[in-house]
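Each chain gets a letter, A, B and so on, in the order its sequence line appears, and its residues count up from 1.
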2 protein chains.
Amino acid sequence: MHAKQSAAALPNSIIFPGAKAPVASLGAEEATHLRLQALARYAGARSRDSRVIDNSVSQVVLVVEGAVKLIASAAAGRTQVMGFYFKDDFIYVPARDTHAYNLCALTDCELVAFPATEFIRLAQSDKTLNNNFLSHLLRALGRCREKSLALGQKTARERVATFLVSMAERIGAPFSNGAVLDLPMSRRDIGDNIGLTIETVSRQMTELRNAGIVSTSGRSQVKILDLAALKQEAGHLPVPT
Amino acid sequence: MHAKQSAAALPNSIIFPGAKAPVASLGAEEATHLRLQALARYAGARSRDSRVIDNSVSQVVLVVEGAVKLIASAAAGRTQVMGFYFKDDFIYVPARDTHAYNLCALTDCELVAFPATEFIRLAQSDKTLNNNFLSHLLRALGRCREKSLALGQKTARERVATFLVSMAERIGAPFSNGAVLDLPMSRRDIGDNIGLTIETVSRQMTELRNAGIVSTSGRSQVKILDLAALKQEAGHLPVPT
DNA sequence: TTTTTGGTTTGACCAAAATCAATGACGACC
DNA sequence: GGTCGTCATTGATTTTGGTCAAACCAAAAA
C-alpha cells in the first residue's frame with residue numbers, strides 16, 4: 001500500500017500535530033470522539049499517489065489537508081474522475097470489489113479513513129454524527145445529480161464554465177469581481193471529470209480567455225475576471241415552472 | 001396540485017386497501033409504524049401527471065405501485081431524467097427551490113410521500129429505519145456515480161446497452177437466456193436519461209436488433225435475446241488493478 | 001372500421017467534439 | 001542557467017451524434 005510508504009516519508013508526528021483536531025470537524029459529541037479515534041486510520045500521501053487508502057472495504061474518508069480525486073475505471077483504460085475533494089470534505093469510497101473506485105492524491109495530503117460499516121454503527125449512537133453523515137450524503141447525491149445533468153445535457157463550453165464556477169466556490173480566493181484559483185489537478189483530470197478530452201478543455205479555456213472572462217498564468221493559476229459572465233456561460237438557471 | 005385531483009379519480013380506498021402495507025416495506029420497528037403513518041401523504045397519480053408530489057419541501061417518496069421518473073430541468077427547456085423508479089423503490093426528492101427537480105408519473109401509480117426532515121428525525125429513533133434509509137442513500141449515490149461514468153465516458157451504443165441491462169435487472173421477466181421488458185417510458189425519456197436524442201436511441205436500438213441481440217414489438221416491448229452480448233456492448237468491466 | 005394523433009423510425013445533412021499530429025511552454029533536475 | 005520530460009496548446013482531419021425532415025406505425029378516438 002502506497003500510503004504506508006508515504007506515511008514514512010511524511011511522518012505522522014508532522015502530519016498530525018494533534019490527532020483530535022481532524023476528528024473534531026465531524027462535529028460529534030465528546031463521548032464519540034474517543035471511539036472515532038480508535039477507528040480512525042491516518043494516512044499521509046505524496047502527490048500523485050494512487051491507492052491512497054485501503055479500500056478493500058468501504059471507507060468514509062475525511063480530507064484533513066491537501067486535495068484528492070476519486071476515480072472510477074471503466075473498460076479500455078477509460079477513467080472518470082467522480083470528484084475532487086479538499087480540506088474538510090468527506091468522501092464515501094465504496095469497496096473496490098463492487099466498483100472500481102480509487103482515491104488518488106493530487107497534492108501531498110493528509111487523510112483520516114474510517115471503515116464505513118463501523119463508522120455507520122458508531123453514528124447510530126450519536127445523533128449529531130449521524131445527522132452530519134446523512135446531510136453529507138444528501139449533498140453528495142445532489143452534487144452527483146447535478147453532474148449527471150451537466151454530463152447529459154451541457155455543451156463543452158458550459159461544462160468547462162460550470163467546472164470553473166464550482167472550483168471558484170470551493171477553493172477560490174476572492175479577487176475583484178471574480179476569484180483566483182490554483183488548480184491542483186491536470187487538464188486530463190479536468191477532462192476526465194467533465195467528460196471531455198484535454199484538447200477540448202484547453203480550447204474552451206482559450207475561448208474563455210479570449211472572451212476576457214478568465215486569464216491564466218502558468219499551468220495551474222486561473223483568474224476569474226468576470227464571475228457573472230462565467231455563470232452565464234455555465235448555463236445555470238433552474239427555472240421552477 | 002395534481003395528485004389531489006388524481007386521488008379523486010382513483011379513490012384512496014381502491015389504491016390503498018390497507019394503509020399499513022406500503023409503510024411496512026420500510027422495515028421499521030412496530031412502534032415507528034404509527035408515527036410514519038401519521039407523517040405519510042398518500043398520492044395516486046395518472047400516467048403522465050407531472051408534479052405528482054408536493055415538493056415545496058424535500059420529500060422521501062416510496063413507490064407502492066407503478067412507475068415514475070425524476071426529472072431535472074436546466075435552461076432552454078433541456079431536461080435530464082435523473083432516474084426511473086418502480087415498485088418498492090424509494091426516492092429522495094429535494095425541495096423545488098434548491099434544484100428544479102420534479103417527479104412525474106410514467107404509469108398510473110401509487111406513492112407515499114414523507115417530508116424529508118421529519119422522516120429523518122423519526123429515523124433517528126429507529127435503528128432499522130435509519131439503516132434502511134442510509135443504505136438506500138448509499139445505493140442511490142452508487143447508481144448516480146455509475147450514471148456519471150456512463151454519461152462521461154460511454155458511447156451511444158454503450159449507453160443504450162447499459163440502460164437495457166439495467167432495466168432487465170430491475171423490471172425484466174426472465175426469458176430464455178435474456179429477459180422480456182415492458183418499458184413504461186418513451187424514447188424521449190430514455191434519451192433524456194442517458195444523454196442522447198430520441199433519434200440516436202432509436203438508431204442504436206435498430207442496430208442492436210440487427211445484431212440479433214434484442215428484438216422489439218410494439219413501442220414498449222423489448223426482448224433481450226442475448227444478455228451476455230448486451231453486457232458486452234455495455235462495456236461493463238470494472239477491472240481492479 | 002376509419003381516422004386521427006402522437007410517438008417512432010429512417011434518411012440526408014450538419015456541427016461539435018474526438019482524434020491525430022506538431023509545436024510550444026512550464027517546471028524539475030542536473 | 002541549460003536540458004529534458006511532461007503537460008498544454010494549436011491546427012488539420014475524422015467521427016460521432018445532433019438536427020431537420022419525411023415516412024411510418026401503433027394506439028386511441030370517432
* Taking only N and O in the side chain of A/T200, is any of them less than 4.0 Å away from OP1 or OP2 of C/dA18? ->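 It does, given that an N or O in the side chain of A/T200 lies less than 4.0 Å from OP1 or OP2 of C/dA18.
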
* Has A/T197 got a side-chain N or O lying under 4.0 Å from the OP1 or OP2 atom of C/dA18? ->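 Looking at the OP1 and OP2 atoms of C/dA18, one of them is under 4.0 Å from a side-chain N or O of A/T197.
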
Choose from [options] the nucleotide whose nearest atom is closest to any side-chain atom of [X].
{"X": "B/R219", "options": "D/dT9, D/dG18, C/dG7", "value": "C/dG7"}
{"X": "A/R48", "options": "D/dC7, D/dG17, C/dT9", "value": "D/dC7"}
{"X": "B/A156", "options": "D/dT9, D/dG17, C/dT10", "value": "D/dG17"}
{"X": "B/T206", "options": "C/dT10, C/dA17, D/dG17", "value": "C/dT10"}
{"X": "A/T155", "options": "C/dC20, C/dA17, C/dT10", "value": "C/dA17"}

Provide, to the nearest angstrom, the distance between the [atom1] atom belonging to [X] and the [atom2] atom belonging to [N].
{"X": "B/M205", "N": "C/dT10", "atom1": "CE", "atom2": "C1'", "value": "15 Å"}
{"X": "A/L196", "N": "D/dA8", "atom1": "CG", "atom2": "P", "value": "14 Å"}
{"X": "B/E158", "N": "D/dT15", "atom1": "CD", "atom2": "P", "value": "18 Å"}
{"X": "B/R78", "N": "D/dT19", "atom1": "CZ", "atom2": "C1'", "value": "15 Å"}
{"X": "B/R209", "N": "D/dC25", "atom1": "CZ", "atom2": "P", "value": "12 Å"}
{"X": "B/N210", "N": "C/dT9", "atom1": "CG", "atom2": "C1'", "value": "12 Å"}
{"X": "B/I198", "N": "D/dT19", "atom1": "CD1", "atom2": "P", "value": "11 Å"}
{"X": "A/R157", "N": "C/dA15", "atom1": "CZ", "atom2": "P", "value": "17 Å"}

Are [X] and [Y] close enough for a salt bridge, meaning some N to O gap below 4.0 Å?
{"X": "A/R78", "Y": "B/E158", "value": "yes"}
{"X": "B/R41", "Y": "B/D54", "value": "no"}
{"X": "B/D192", "Y": "B/K69", "value": "no"}
{"X": "B/E146", "Y": "B/R139", "value": "no"}

* To do: For A/S186, report the nucleic acid contact type (base, sugar-phosphate, nothing); a contact means any heavy atom under 4.0 Å.
  => sugar-phosphate

* Asked: Looking for any heavy atom pair under 4.0 Å, which part of the strands does B/G195 touch: base, sugar-phosphate only, or nothing?
  ->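 Sugar-phosphate, no base atom in range.
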
* Residue pair B/Q80 / B/I71, side-chain heavy-atom distance below 4.5 Å -> no

* Most 5' of A/S217 and A/R203 on DNA chain C, judged by nearest nucleotide ->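 In this pair, the answer is A/R203.
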
* Structure fact -> 5'-most contact on DNA chain C (nearest-nucleotide basis), B/E199 vs A/S220, goes to B/E199

